[in-house]
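Data first, discussion second: the structure below is written as structure tokens.
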Amino acid sequence: MTPDARRPYIAGNWKMFKTAGEAREFTQKLLARLPMGNGVELALCPPFTALAATLDGLGGSEIKVLAQNMHQEPEGAFTGEVSAPMLVELGVHGTLLGHSERRQYFNETDRALQEKIPAALGAGLQPMLCVGESEDEREEGETQRKLRHQVQEALERVPDAQLADVVIAYEPIWAIGTGKVATAEMAQDAIGFIRALVGDRSKDAAERVRVLYGGSVKPENAAAILAQPDIDGALVGGASLDPDGLIEIVTAAAAQVQ
Ligand code: PEP
């Protein structure tokens with residue numbers, strides 16, 4: 001039985017998909033079809049340009065809205081970047097940080113994440129830290145070394161008392177957008193290891209921190225993954241672009257709390 005604080009969490013990462021108008025249309029369909037009071041925390045992560053429309057479309061619902069990235073400084077000469085206070089002013093609830101696509105294509109570093117995570121927490125935003133190994137690293141038996149490095153570096157400046165306010169998403173890079181999903185056992189092993197890493201800092205935080213799986217989660221495979229004892233939810237890319245697909249995944253998560 002997971003502690004109360006570990007309410008199942010499903011987050012939909014839209015990546016660079018959906019205009020503001022498309023986001024608004026999505027929220028209308030989602031609100032019309034999503035069973036309320038399902039016990040699952042749900043978040044949408046639209047592009048910056050669709051944040052306001054998504055927030056507006058969701059109205060007073062409990063569904064959260066997360067950005068996909070954030071700069072660590074509150075303001076400054078950083079062309080093209082967006083800061084925590086800017087997100088807070090919009091009413092955004094949190095932000096993805098360290099998604100593998102940001103690391104791979106935009107040089108996101110563990111060092112920057114060390115500043116971004118405390119900056120998000122300090123502004124009252126929920127950080128969702130993404131970590132995961134490449135296919136080569138898994139084949140070479142380097143998965144745990146990579147996860148240890150990413151988790152320890154990124155959380156270094158987070159006080160123990162705030163560790164459980166960070167959500168961690170384990171996303172093996174080889175499973176993102178490829179249709180190759182990790183087996184439920186592989187995901188459980190890696191996520192159990194991540195929880196133990198948090199436990200090296202604080203046993204209490206390890207009990208309470210939510211660790212999600214991400215990588216080709218679909219309505220067909222969600223239940224097996226979400227049934228694992230250390231897996232508290234899913235970060236969903238492709239399948240979150242369709243409200244019905246997302247609702248099926250939320251329903252699979254809701255079955256875990258019955
Ligand atoms: C993601 O973008 O974080 C992701 C897991 O994508 P997908 O579900 O499409 O693999």
Side-chain angles (χ1 to χ4, degrees), residues 2-70 74 82-97 99 117 119-129 162 164-167 169 208-210 212 214 217 219 222 226 232-237 239-258:
T2 56
D4 287 348
R6 282 168 54 193
R7 182 177 174 199
Y9 195 156
I10 302 295
N13 174 19
W14 288 351
K15 310 189 190 223
M16 199 174 71
F17 292 99
K18 295 198 190 294
T19 62
E22 289 164 343
R24 195 179 294 277
E25 198 181 312
F26 181 102
T27 59
Q28 281 162 4
K29 288 187 184 153
L30 184 70
L31 290 181
R33 299 176 197 166
L34 182 72
M36 287 300 153
N38 52 50
V40 176
E41 188 167 340
L42 175 60
L44 301 175
C45 315
F48 288 127
T49 49
L51 284 169
T54 307
L55 282 159
D56 191 45
L58 292 173
S61 85
E62 279 201 333
I63 302 168
K64 296 205 163 56
V65 176
L66 273 55
Q68 298 176 11
N69 185 32
M70 184 200 86
V82 169
S83 74
M86 294 170 183
L87 296 174
V88 169
E89 188 193 43
L90 275 186
V92 166
H93 305 97
T95 181
L96 299 180
L97 289 172
H99 190 281
I117 295 174
L121 288 169
L125 293 170
Q126 176 185 63
M128 186 178 287
L129 167 69
Q162 281 190 291
D165 298 335
V166 180
V167 177
R208 294 189 298 118
V209 70
R210 284 183 292 178
L212 318 184
V217 173
L226 295 169
D232 301 317
L235 178 54
V236 185
S240 74
L241 294 170
D242 162 36
D244 293 323
L246 185 61
I247 289 168
E248 282 189 62
I249 295 170
V250 172
T251 305
Q256 301 297 321
V257 270
Q258 301 308 311

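The first residue of the sequence shown is numbered 1, and numbering continues consecutively from there.
Exactly one residue among L212, D232, L42 makes a side-chain contact (heavy atoms from CB on, under 4.5 Å) with Y9. That residue is L212. Partner L235 forms a side-chain contact (heavy atoms from CB on, under 4.5 Å) with one of N13, I10, L66 and no other, that one being N13.
Remark: L44 CG to F26 CZ distance equals 5.5 Å, nearest 0.5 Å. For the atom pair NZ (K29) and CD1 (I247), the distance works out to 10.5 Å, reported to the nearest 0.5 Å. How far OG1 of T27 is from CD of E22: 12.0 Å, rounded to the nearest 0.5 Å. Going from atom OG1 of T95 over to atom CD1 of I117 covers 10.5 Å, rounded to the nearest 0.5 Å. Distance CG/L87 to CG/L125: 6.0 Å, rounded to 0.5 Å. A distance of 12.5 Å separates CG in D56 from CG in L51, rounded to the nearest 0.5 Å.
Atom CE of M16 is surrounded by 12 or fewer heavy atoms from other residues, nucleotides or ligands within 6.0 Å. In F48, the CZ atom is crowded: over 12 heavy atoms of neighbouring residues, nucleotides or ligands sit closer than 6.0 Å.
In this structure, the side chains of L31 and I63 come closer than 4.5 Å at one or more pairs of heavy atoms. Taking 4.5 Å as the limit, every side-chain heavy atom of T49 sits out of range of all side-chain heavy atoms of T19. With a 4.5 Å cut-off on side-chain heavy atoms, R210 and R7 count as touching. In this structure, the side chains of L34 and P243 stay at 4.5 Å or more apart for every pair of heavy atoms. Within the 4.5 Å cutoff, the side chain of E41 has heavy atoms near those of the K64 side chain. Between L121 and V166, some side-chain heavy-atom pair lies under the 4.5 Å cut-off.
Closest approach of R24 and G57 over heavy atoms only: NH1-N, 4.5 Å. The two residues A20 and A53 come nearest to each other via the heavy atoms O-CB, 3.6 Å. Taking every heavy atom of both residues into account, S83 and M70 meet most closely at C-CG, 3.9 Å. In this structure, Q68 and P47 approach most closely via the heavy-atom pair NE2-N, 3.4 Å. Annotation for D165 and P127: closest pair O-CD, 3.7 Å, computed over non-hydrogen atoms. Contact between C45 and A11 at its shortest, heavy atoms only, is SG-CB, 4.5 Å.
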What's the verdict on side chain to side chain contact (heavy atoms under 4.5 Å, CB included) for E62 and V40, showing C-alpha distance, side-chain angles and the deciding distance? CA-CA 10 Å; E62 279 201 333; V40 176; over 6 Å; no
L97 and N69: side chain to side chain contact (heavy atoms under 4.5 Å, CB included), yes or no, with the steps? CA-CA 5 Å; L97 289 172; N69 185 32; 4.2 Å; yes
Check step by step if side chain to side chain contact (heavy atoms under 4.5 Å, CB included) holds for K18 and E25. CA-CA 10 Å; K18 295 198 190 294; E25 198 181 312; over 6 Å; no
